[in-house]
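Read the structure below first, then the notes.
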Protein chains: 2
Amino acid sequence: MKRRSTASKEEVLAVLKAEETAMSHDMLQSKLSVSMDRATIYRILNRFCEDGQVHKFVGDDGKQYFALCINCGDETEHHHHNHFHFKCLECGKVECLRDEVEVSLPKGYVTRSFNGFISGVCAGCSSLKKGEE
Amino acid sequence: MKRRSTASKEEVLAVLKAEETAMSHDMLQSKLSVSMDRATIYRILNRFCEDGQVHKFVGDDGKQYFALCINCGDETEHHHHNHFHFKCLECGKVECLRDEVEVSLPKGYVTRSFNGFISGVCAGCSSLKKGEE
DNA sequence: TTATTATTGCAACAAAGTCGCATTAATTAA
DNA sequence: TTAATTAATGCGACTTTGTTGCAATAATAA
């Protein structure tokens, strides 16, 4: 299964880079300059995940989000992504929080996957709100 | 809107207590001794949430899970549920992890909701697996 | 240029969750 | 005990998310 370079693929990648936020499928689709099928977008994104360019997580809205694997620290391929994701409820931006989080599990428990998600208001938006008052 | 005590409501509560695990709608439905409509189950659970008997969170499968507000520590009504939930991929049990988790947000960021979810293997199941080898 | 096969679009589908509305039934008042 | 009030339920319809099969398209290798 060698990957082929296609316009769709490049476009998805371009949007992910340009927007600088993790994106759910629908966020992405609305930003695409070329229209493409929902299934295609999912397939492209999941391929990126397999290739380690992108990682996937679940938001507190139950949706899958996809983020470029940059600014996520120096993760290597089999690395657990033990960081939180933060979604700003004002501007909609979803970002990776830098610090790795350690959760102490009870004795004998083993982690397979980690999903940390916080919703709130980011610095930019909370200062704006202060300004408005 | 005074709450009424109904058989359905009691049954849902009974299952939640008996199973001792957080449950998604479908897990719950399959354990009910009385069949009831999907919408009804959701409405009952969401009412429990409003009343503070139950809290809700999202699993890494994107589903909503509901857990009784016991063994979750001494949360008061407006308390953030800053604890992780752990789902055992072997036995399916979903439990609240005791320790409260502190995530240090960048300056100016405000938390509105917290969702921490870990999948893996619980102590019981991982010791069983050792035994099998 | 042709053969190979990864990629795409389309349609269909399943599952999760919500909502409106008519009916049922728990509670309160008479 | 009966009647009135209205919360709770069941049903159906619907939206959204995500996946999959299959035929058509197109990127790559021969």
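Lettering follows sequence order; numbering is per chain, from 1. Basis for what follows: all heavy atoms, side chains included, without hydrogens, waters or symmetry-related copies.
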A:K9 NZ - C:dT8 P separation (whole Å): 9 Å
Check: A:R38 side chain, C:dG9 base, donor-acceptor under 3.5 Å: no
Residue pair B:E19 / B:M27, side-chain heavy-atom distance below 4.5 Å: no
Residue whose nearest DNA chain C nucleotide is more 5′ - A:S8 or B:R4: A:S8
Under-4.0 Å side-chain N/O to phosphate OP1/OP2 contact, A:S24 with D:dT17: no
Aromatic ring pairing B:F57/B:Y65, orientation class (parallel under 30°, perpendicular over 60°, tilted between): parallel
Whether B:F114 and A:F84 hold their rings parallel, tilted or perpendicular, with breakpoints at 30° and 60°: tilted
Atom pair distance, as rounded to whole Å: CG in A:L45 and P in D:dT19: 10 Å
Sugar-phosphate, base or nothing in reach of A:D61, heavy atoms under 4.0 Å: nothing
Touch class at under 4.0 angstrom, heavy-atom based, for A:R47 against every strand present: sugar-phosphate
Nearest-Å distance for atom pair CE/P, residues B:M23 and C:dG17: 14 Å
Protein-nucleotide distance (B:D51, atom CG; D:dA7, atom C1'), rounded to Å: 13 Å
Listed nucleotide nearest any side-chain atom of B:D26, set D:dT6, D:dG12, C:dA16: C:dA16
Non-hydrogen side-chain atoms of A:K56 and A:F48 separated by less than 4.5 Å: no
Per A:K63 side chain, nearest of listed nucleotides D:dT17, C:dT8, C:dT18: D:dT17
CG on A:D60 to CZ on B:R112, rounded to 0.5 Å: 12.0 Å
Sub-4.5 Å side-chain heavy-atom contact between B:Y109 and A:I118: no
Touch class at under 4.0 angstrom, heavy-atom based, for B:S5 against every strand present: sugar-phosphate
Quiz item: B:R43 side-chain donor-acceptor pair to D:dT9 base, under 3.5 Å: no
side-chain N/O A:T40 vs C:dG9 OP1/OP2, d < 4.0 Å: yes
Nucleotide nearest B:Y42 (side chain, heavy atoms from C-beta), chosen from D:dG10, C:dA16, D:dT17: C:dA16
Atom-pair distance (CG on A:L32; C1' on C:dT8), nearest Å: 14 Å
Under 4.0 angstrom between B:N46 side-chain N/O and C:dG17 OP1 or OP2: no
Rounded distance (Å) that lies between atom C1' of D:dG10 and atom CD1 of B:I41: 12 Å
Nearest-angstrom distance from the residue atom NE2 of B:H25 to C1' of C:dA15: 10 Å
For atom CD of A:E50 and atom P of C:dA6, their distance in whole Å: 12 Å
Position toward the 5' end of DNA chain C (nearest nucleotide), B:R3 or B:D37: B:D37
